Amino acid sequence: MSKKFHIHTFGCQMNVHDSEKIAGMFSESGYAEAHGVNDADVIVINTCSIREKAEQKFYSELGRLKHFKDRDPKLRIAVAGCIAQQKGSGLFKRFPYVDFIFGPQNIDSLEKWIGQESGVRSQKSDNKTQITELTDNPEHSIKNLPVKREGRVSAWVSIMYGCDNFCSYCVVPYTRGRERSRQVSDIMTEITELSAQGFKEITLLGQNVNSYGKNLNETNPPSPPFDKGGQGGFANQNIDFSDLLKAIHEVNGLKRIRFVTSHPRDLSKKLIRTMQDLPNVCEHIHLPVQSGSDRILSLMNRGYTFKQYKEKIDALRSAMPDIAITTDIITGFPGEDEQDFELTMNALREIEYDGIFAFKYSRRQDTAAVNLPEHLNEKTKSERLARVLDLQAEITFRKNIELEGKILEVLVEGASETDKDKLTGRTGSNKIVNFYGGLELMGTLVNVRILEAKQHSLNGEVIP
Ligand code: 5AD
Ligand code: SF4
């Protein structure tokens, strides 16, 4: 009987996709997926350190696993992801029942570890392994790892790794390393295969997809068929994110292309034009503003003023009047006073986002903001977070109500989780729509009349 693995994932889409790669490596090695921790031979916790809350949840989950290891010493426990990278061997000291620690750049090291584990050793393991090598070498870990995907309609594809922005609050450059773009030919091969397997929607993943291609020439040799230059093709060394979108747009069978995340500073006119010109690129952009106050934006090292940010929003909306815009907000950054905070509230009123993710500032190890003066107390941070969320809830709902009566194109993802007779899917603007219909519609684009707006989704009916 084959051994079984179980993965518990915390954090962002990048991490969820990394878990798909981890699952792919176990599957390739002959492991089956367990139903949960109870019947697993190996448990992997893929961790996130972006905010304190995610970190605390991980510690409580890891604490819970001690009991399972005590009961069955043959159980193997691995810790992956951003906390593994940051804490390294410190985790072995605090949690001696952990067997393997590997960082986000070292997913490929699983192959060897799984090989050892599948070998003769079967009783209690004192053989601790830690692989948290963090390198700027772009060749490293840009391997084409096997992927076991969660959905059947929509798939994630990494186009770059790491981040060079060093926003003063953010841990990512320290956990995922410097920015590295993946080679065009590898991306195209993966997407072409996904389309052949029947996937209809691709979401391109990177911390800052707008700067895709930077330094690609220095690190990767030109790769056919994109090294032609001149008419029709383009030289690999000059390829940027817009060029990549154009190449992906040519892949047969794909109905939609999405991407996250974009940095406002690097959002070019060329990209706006490209989005406008390519019908399969969804009319949605996630453009984190973080704050409406220039003073705070500067302390955050974001590289733009609110006015510059707003100009980009205006350019997006004049090119694509129906584009959905979403954002991230941090409340209670060190030094944020009531006036700064009001500027963030005004930004929400002025831009009227389709949706936001908002977080209270969280002090993160290694980041520059830790050393800023005037850290705010938890109560103020939480109060401001609640005010931001209340304001946005009103705006989101109002914008959803405006959609009632409209006919929108929806890509059907599958059965709704709450009502099995209903289907669920998304509009190009990334709004969730639920409606009655048969599963044969899965993976197709259907026109749906919106009947009722809810806070987080829409109800509708298919137009035959
Ligand atoms: N505290 C609060 N929020 C943070 N984010 C990143 N780092 C922190 C932090 N230290 C938020 C930002 C980012 C999103 C992914 O998480 O808003 O855009
Ligand atoms: Fe993703 Fe950042 Fe969390 Fe790492 S720390 S999992 S990159 S959100």
Side-chain angles (χ1 to χ4, degrees), residues 9-18 46-58 81-83 85-86 104 156 160-176 179 203 205-211 259-267 285-293 296-297 299-304 306 309 312 325-336 340-341 343-345 347-348 351 353 355-372 374-378 380-389 392:
T9 310
F10 294 93
C12 62
Q13 282 158 321
M14 214 89 53
N15 240 28
V16 177
H17 185 43
D18 281 352
N46 195 6
T47 63
C48 172
S49 57
I50 197 128
R51 288 173 295 273
E52 202 178 339
K53 211 162 147 190
E55 201 165 324
Q56 280 165 355
K57 279 194 199 155
F58 155 66
C82 293
I83 300 178
Q85 184 64 44
Q86 275 200 309
W156 285 311
M160 60 202 300
Y161 305 91
C163 184
D164 273 355
N165 287 321
F166 290 92
C167 300
S168 63
Y169 50 79
C170 187
V171 83
V172 172
Y174 308 98
T175 59
R176 289 185 175 263
E179 185 178 298
T203 303
L205 288 181
Q207 297 294 345
N208 180 11
V209 292
N210 302 161
S211 70
F259 53 87
V260 276
T261 285
S262 305
H263 192 296
R265 191 195 46 219
D266 298 320
L267 175 65
I285 191 159
H286 185 65
L287 202 62
V289 65
Q290 312 297 0
S291 169
S293 155
I296 298 298
L297 286 171
L299 287 172
M300 288 176 165
N301 193 29
R302 288 291 287 172
Y304 54 83
F306 180 67
Y309 177 90
K312 304 243 167 155
I325 302 176
T326 53
T327 203
D328 292 342
I329 299 283
I330 297 177
T331 65
F333 187 79
E336 182 189 80
D340 296 310
F341 177 68
L343 288 169
T344 299
M345 295 287 273
L348 297 186
I351 292 175
Y353 290 103
I356 66 166
F357 296 100
F359 316 98
K360 55 182 176 174
Y361 169 75
S362 173
R363 194 191 284 258
R364 300 288 69 203
Q365 180 189 322
D366 298 330
T367 61
V370 167
N371 300 318
L372 287 173
E374 299 174 63
H375 280 254
L376 274 59
N377 60 44
E378 287 303 309
T380 308
K381 290 195 273 186
S382 300
E383 268 170 16
R384 288 183 184 167
L385 176 63
R387 280 161 70 192
V388 158
L389 291 173
Q392 185 58 39

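Remember, it's a predicted structure, so these values are computed and weren't measured experimentally. Note that ligands are numbered from 1 as they come in the structure, with each ligand's atoms numbered from 1 the same way.
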Backbone or side chain, does any N or O of Q290 fall under 3.5 Å from an N or O of ligand 1? yes
Among V370, D328, T367, I50, the residue with a heavy atom nearest to atom 18 (O) of ligand 1 is D328
For R364, atoms of ligand 1 separated by under 4.0 Å from a heavy atom: 10 (N)
Can you check whether P104's main-chain N or O pairs, donor with acceptor, with D18's side chain at less than 3.5 Å? no
Does a sphere of radius 6.0 Å around CZ in F357 hold more than 12 heavy atoms from other residues, nucleotides or ligands, not counting ones at 6.0 Å or beyond? no
Side chain of H17, backbone of C12: donor and acceptor closer than 3.5 Å? no
Quickly, which of E55, Q86, E52 forms a side chain to side chain donor-acceptor pair (under 3.5 Å) with R364? Name it, please. E55
Atoms of ligand 1 close to F359 [distance to a heavy atom under 4.0 angstrom, numbered from 1]: 3 (N), 11 (C), 14 (C), 16 (O), 17 (O)
Taking N or O atoms only and a 3.5 Å limit, does Y169 qualify as a polar contact for ligand 1? yes
Within ligand 1, which atoms have a heavy atom of Y361 less than 4.0 Å away? 1 (N), 2 (C)
Under 4.0 Å, heavy atoms only, figure out whether ligand 1 is touched by the backbone of K360, its side chain, both or neither. backbone
Listed partners of F259 passing ring pair (Phe, Tyr, Trp, His ring centres under 6.0 Å), at least two apart: F241
Without swapping roles, check the side chain of R384 against the backbone of E336 for a donor-acceptor pair under 3.5 Å. yes
